Amino acid sequence: MEGKKHLHSINIFMIVAIFLFLHFARFSDAVGKASGGSKQGKWELLLNNTGVVAMHVALTHQNTVIMFDQTGEGQSGYRLRHRFNGTRCRATRNDMEDWSCYAHSMEYDILGNKVRPLRLDTDPWCSSGAFLSNGTLLQAGGYGRGSRRIRYFKTCDNGNCDWKQSKNLLSSERWYASSQLLPENNRAIVVGGRRVFSYEFVPKLHSNDKSFDLPFLHQTYDRNAGGNNLYPFLHLSSNGDLFIFANRDSILFNYRSNRVVKKFPRMPGDGSRNYPSSGSSVILPLDHRNRFQKVEVMVCGGAAAGADRAAEQGRFLKGLSSCGRMVITGNTHKWKMENMPGPRLLNDMLILSTGHILIINGARRGCSGWNNAASPSPQPYLYNPKKTLGRRFSVLRSTKIARMYHSSALVLPDGRILVAGGNPYRKYTFRNVTYPTELRLQAFSPQYMDRQFNNWRPHNLSILSNDDNMYGVKYGKEFTVQFRLRRKPTSNMVEFSAYAPPFTTHSISMNQRMLRLRCTKLSTANGWTSAVLEAPPSPNVAPSGYYLLTVVNNGIPSISQWVRFTHA
């Protein structure tokens, strides 16, 4: 009798094991079938002409993308019938060459796949930006008369929004500066600029607010190579201090007390990482499982030593292949180095909802500047931070469009990557050059968007606040999300991410941030799955504002929905 019971138990165990094997084999087989094409992703041409070079781009919570160039380019790809002051643009030589008869900023409607022109009164060339808590884009600096200007773009749903220029001015000229949204007072810090070694805060509370000297910028300035510390990488640590990386060095900075808290080890290797060497950087996803206390930064690519001078002579040195990761919290700090599949600079680094890092756009040789780079990098790299060293990178499908100097990329709510821009010339140049000015707009779809994964993809995501707060979800409070799954979920396969979209320009994705949120309850009823999530604990972890919330089921993400984290 006991033997029969034992045999019966073995049979049940084998049936369950076979079921689980077949269940997961189907998913593994689906991934395997994608290896021919979709595993490497797919490219799609969205528009032949965006009107302007997308030197700067930002995704708004109204699902539009703001893109703008410099006004000094003169003629863009979008001629206006009337100037923004109302006067008519005529077919005269003067008007044909007048920059005010052309658009230099556009709003791209993602759903409608169309653009509309926006007004710019001063030049925002090589400027910085951050979203305030209400979703307004704060944009600082630029060139010439625009170098001390502060501009705002507040979204609306009637298509009549436009740039507004503040009467207050920056304390210093900010050309090639970086911005980071801060946890308190709905303000951003603006750091650096060409031959500017200071920082200041915006919006201005008083017209006489001043800037503050930052010796670190003096120390990292390379006089003979165009600076190599312009557009410094800024990341907000989870204790509210600011990580600043410039050239090859980095510090943890308490901007409240104007004090350097830590000086980190120099990143190994030759060359430089910041403009005009133009590598890129991200802060890896923060995780509720360690209470968001482990903060790790990653820096990839850049230019070889002497690349700036060599490019002026028509020689384009091979870029850097190396990446470095370093935990900036705790007491032990060491760069852990590894290599990309090839050399890269002018590259964008984006955090995908899966937690992987996409490295896209760029060149293999040279540095930033007019005609200073060669050999485009057409293949995106996908980086999985959780894999073992040597197995983290994979190479994705190539684009046929060169995206080098003044190109950009953004993650869209549906999971695609918007790719735009590229112009190595002072004017829009389309003929008799190796790399013409690029106005085409593309979307790159990673493997996870393939239709074969729709059985795993969460659908119909909606967000419900549990505290009846019409302004968003308060820090540390619970809120509920609902979605549909064609397969019954298990708690260890479903993850929830909140992503702060960046302001992107010159290989810098300012304010980009992703958090893995805690799920306290997961239940299914009437075809709907409900999850109770916990908002981030503080604005140090997640500065107040709009985030894209995504449900990721076994590596397959939903379409994201907007959620706002707030004090009030």
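Small disclaimer: the values here were computed from a predicted structure and weren't measured.
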> So Phe264 and His333, would you call those rings parallel, tilted or perpendicular, with 30° and 60° as cut-offs?
Replying inline: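 Because their plane-to-plane angle is over 60°, the rings of Phe264 and His333 count as perpendicular.
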> Which heavy-atom pair separates Trp456 from Met493 by the least distance, and what is that distance?
Replying inline: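 Closest approach of Trp456 to Met493, heavy atoms only: CZ3-CE, 3.4 Å.
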> When rounded to the nearest 0.5 angstrom, what distance separates CD1 in Ile556 from OG1 in Thr354?
Replying inline: 9.0 Å
>> Quick one: does any side-chain atom of Ser558 pair with a main-chain N or O of Val551 as donor and acceptor, under 3.5 Å?
In response: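 Between the backbone of Val551 and the side chain of Ser558 there is a qualifying donor-acceptor contact (under 3.5 Å).
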>> For Ser272 versus Leu320, what's the shortest heavy-atom pair and its separation?
In response: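 Answer, listing the atom of Ser272 first, then Leu320: O-CD1, 3.7 Å.
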> So, the side chain of Gln293 versus the backbone of Arg291: is there a donor-acceptor pair under 3.5 Å, distance only?
Replying inline: yes
>> Quiz question: by atom type and distance under 3.5 Å, do the side chains of Thr399 and Gln442 form a donor-acceptor pair?
In response: yes
> CG of Asn239 to CG of Leu242: how many Å apart, nearest 0.5 Å?
Replying inline: 10.5 Å
>> Minimum heavy-atom separation for Leu439 and Val53, please, with both atom names.
In response: CD2-N, 3.7 Å
> Between the side chains of Asn228 and Ser277, is a donor N or O closer than 3.5 angstrom to an acceptor N or O?
Replying inline: yes
>> Using side-chain contact (heavy atoms from CB on, under 4.5 Å), reason through Ile401 and Val419 one step at a time and then give a plain yes or no.
In response: CA-CA 10 Å; Ile401 300 176; Val419 180; over 6 Å; no
> Charged N to carboxylate O below 4.0 Å: is that the case for Glu73 and Arg426?
Replying inline: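 No salt bridge links Glu73 with Arg426.
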>> Just verifying a value: how many Å separate Phe153 CZ and Leu137 CG, rounded to the nearest 0.5 Å?
In response: 8.5 Å
> Of the non-hydrogen atoms in Ala177 and Val190, which two are nearest, and what is the gap between them?
Replying inline: CB-CG1, 3.9 Å
> Under the 3.5 angstrom rule, does the side chain of Trp125 hit a backbone N or O of Asp69 as a donor-acceptor pair?
Replying inline: no
> Given the rule in the side-chain contact (heavy atoms from CB on, under 4.5 Å) test, do Trp562 and Ile463 qualify, once you have shown the distances and angles that lead to the verdict?
Replying inline: CA-CA 8 Å; Trp562 292 99; Ile463 300 171; over 6 Å; no
> When you measure from the side chain of Asn511 to the backbone N and O of Leu181, does any donor-acceptor pair fall under 3.5 Å?
Replying inline: yes
>> For a 4.5 angstrom cut-off between non-hydrogen side-chain atoms, does Tyr383 reach Met340?
In response: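 No, side chains not in contact.
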> Between Ser127 and Phe68, is a side-chain contact (heavy atoms from CB on, under 4.5 Å) present by the stated rule, with each step listed?
Replying inline: CA-CA 10 Å; Ser127 53; Phe68 57 96; 3.8 Å; yes
>> Has Tyr176 got a side-chain atom pairing as donor or acceptor with Pro232's backbone, closer than 3.5 angstrom?
In response: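 No; zero donor-acceptor contacts below 3.5 Å.
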>> Counting only heavy atoms not in Lys318 (residues, nucleotides, ligands), do more than 12 fall under 6.0 Å from its NZ?
In response: no
> Rounded to the nearest 0.5 Å, how far does CD1 of Ile328 lie from CZ of Arg325?
Replying inline: 13.5 Å
>> Would you say that Tyr435 contacts Pro376 through its side chain, given a criterion of any heavy-atom pair below 4.5 Å between the two side chains?
In response: yes
> Counting only N and O atoms by type, is there a donor-acceptor contact under 3.5 Å from the side chain of Arg273 to the main-chain atoms of Gly301?
Replying inline: yes
> Do Ile417 and Leu358 touch side chain to side chain, with heavy atoms closer than 4.5 Å?
Replying inline: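 Yes, at least one pair of side-chain atoms sits under 4.5 Å.
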> Using the ring of each side chain (for Trp, its six-membered ring), is Phe503 parallel, tilted or perpendicular to His56, with breaks at 30° and 60°?
Replying inline: tilted
>> Before we go on, tell me: are the rings of Phe233 and Phe243 under 6.0 Å apart, centre to centre?
In response: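 Centroid distance Phe233-Phe243: not below 6.0 Å, so no.
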> Just one of Asn247, Asn274, Asn229 clears the side-chain hydrogen bond (donor to acceptor under 3.5 Å, both in side chains) bar with Thr220, so which one?
Replying inline: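 Testing Thr220 for a side-chain hydrogen bond (donor to acceptor under 3.5 Å, both in side chains) against Asn247, Asn274, Asn229 leaves exactly one candidate, Asn229.
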>> Distance to the ring centre below 6.0 angstrom and angle to the axis at most 45 degrees; does that hold for Arg344 and Tyr381?
In response: yes
> Aromatic rings Phe430 and Tyr428: how do their planes relate, parallel, tilted or perpendicular, breaks at 30° and 60°?
Replying inline: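 Rings of Phe430 and Tyr428: perpendicular, over 60°.
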> Would a distance-only check, ignoring hydrogens and angles, find a side-chain to backbone donor-acceptor pair under 3.5 Å from Arg174 to Gly192?
Replying inline: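 Yes: the side chain of Arg174 pairs with the backbone of Gly192.
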>> Tell me whether Asn290 at atom CG has more than 12 heavy atoms from other residues, nucleotides or ligands lying less than 6.0 Å away.
In response: yes
>> Treating Ser179 as the side-chain partner and Ala130 as the backbone partner, does any N or O pair qualify as donor plus acceptor under 3.5 Å?
In response: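 Such a contact is absent between Ser179 side chain and Ala130 backbone.
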> Tyr108 and side-chain hydrogen bond (donor to acceptor under 3.5 Å, both in side chains): which partner among Thr50, Asn63, Asn113?
Replying inline: Asn113
> Is there side-chain contact between Leu533 and Arg518, with at least one heavy-atom pair below 4.5 Å?
Replying inline: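 When only atoms from C-beta onward are counted, Arg518 and Leu533 do not touch, as no gap falls below 4.5 Å.
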> Nearest heavy-atom pair of Cys323 and Phe393: which atoms, and what distance?
Replying inline: SG-CZ, 3.9 Å
>> Return the CG to CE distance between Leu234 and Met510, rounded to the nearest 0.5 Å.
In response: 7.5 Å
>> Assess, by modelled atom type and distance only, whether the side chains of Thr550 and Ser353 contain a donor and an acceptor separated by less than 3.5 Å.
In response: no
>> Is any side-chain heavy atom of Arg486 closer than 4.5 Å to one of His459?
In response: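 Side-chain contact under 4.5 Å: yes.
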> Do Glu107 and Val65 have side-chain heavy atoms sitting under 4.5 Å apart?
Replying inline: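 They are not in side-chain contact.
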> Taking atom CG of Leu389 as the centre, does the number of heavy atoms from other residues, nucleotides or ligands within less than 6.0 Å exceed 12?
Replying inline: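 Atom CG in Leu389 is crowded, with more than 12 foreign heavy atoms closer than 6.0 Å.
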> In Å, rounded to the nearest 0.5 Å, how long is the span from CG of Leu346 to CZ of Arg365?
Replying inline: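 The CG atom of Leu346 sits 14.0 Å away from the CZ atom of Arg365.
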> Is the distance between the ring centroids of Phe453 and Tyr448 less than 6.0 Å?
Replying inline: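 No, ring centres 6.0 Å or more apart.
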> Under the 3.5 angstrom rule, does the side chain of Ser507 hit a backbone N or O of Asn347 as a donor-acceptor pair?
Replying inline: yes
> Between Gly240 and Pro183, what is the shortest heavy-atom contact and its length?
Replying inline: CA-CG, 4.4 Å
> Is the side chain of Arg513 donor-acceptor paired with the backbone N or O of His235 at a distance under 3.5 Å, no angle test?
Replying inline: no
> Are Asp348 and Asn361 linked by a side-chain donor-acceptor pair shorter than 3.5 Å?
Replying inline: yes
> Are Asp249 and Lys263 within salt-bridge range, i.e. N to O under 4.0 Å?
Replying inline: no
>> Does the plane of the ring in Tyr231 sit parallel, tilted or perpendicular to the ring in His506? Use 30° and 60° as the thresholds.
In response: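 Judged by the thresholds at 30° and 60°, the geometry between Tyr231 and His506 is tilted.
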> Looking at side-chain heavy atoms only, is the closest gap between Val563 and Tyr546 below 4.5 Å?
Replying inline: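 In short, these two side chains do not touch, never coming nearer than 4.5 Å.
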>> Any non-hydrogen side-chain atom of Ile359 less than 4.5 Å from a side-chain atom of Leu350?
In response: no
>> As a quick check of understanding, evaluate side-chain contact (heavy atoms from CB on, under 4.5 Å) for Ile110 and Leu59, giving each step before the final call.
In response: CA-CA 10 Å; Ile110 298 170; Leu59 171 69; 3.7 Å; yes
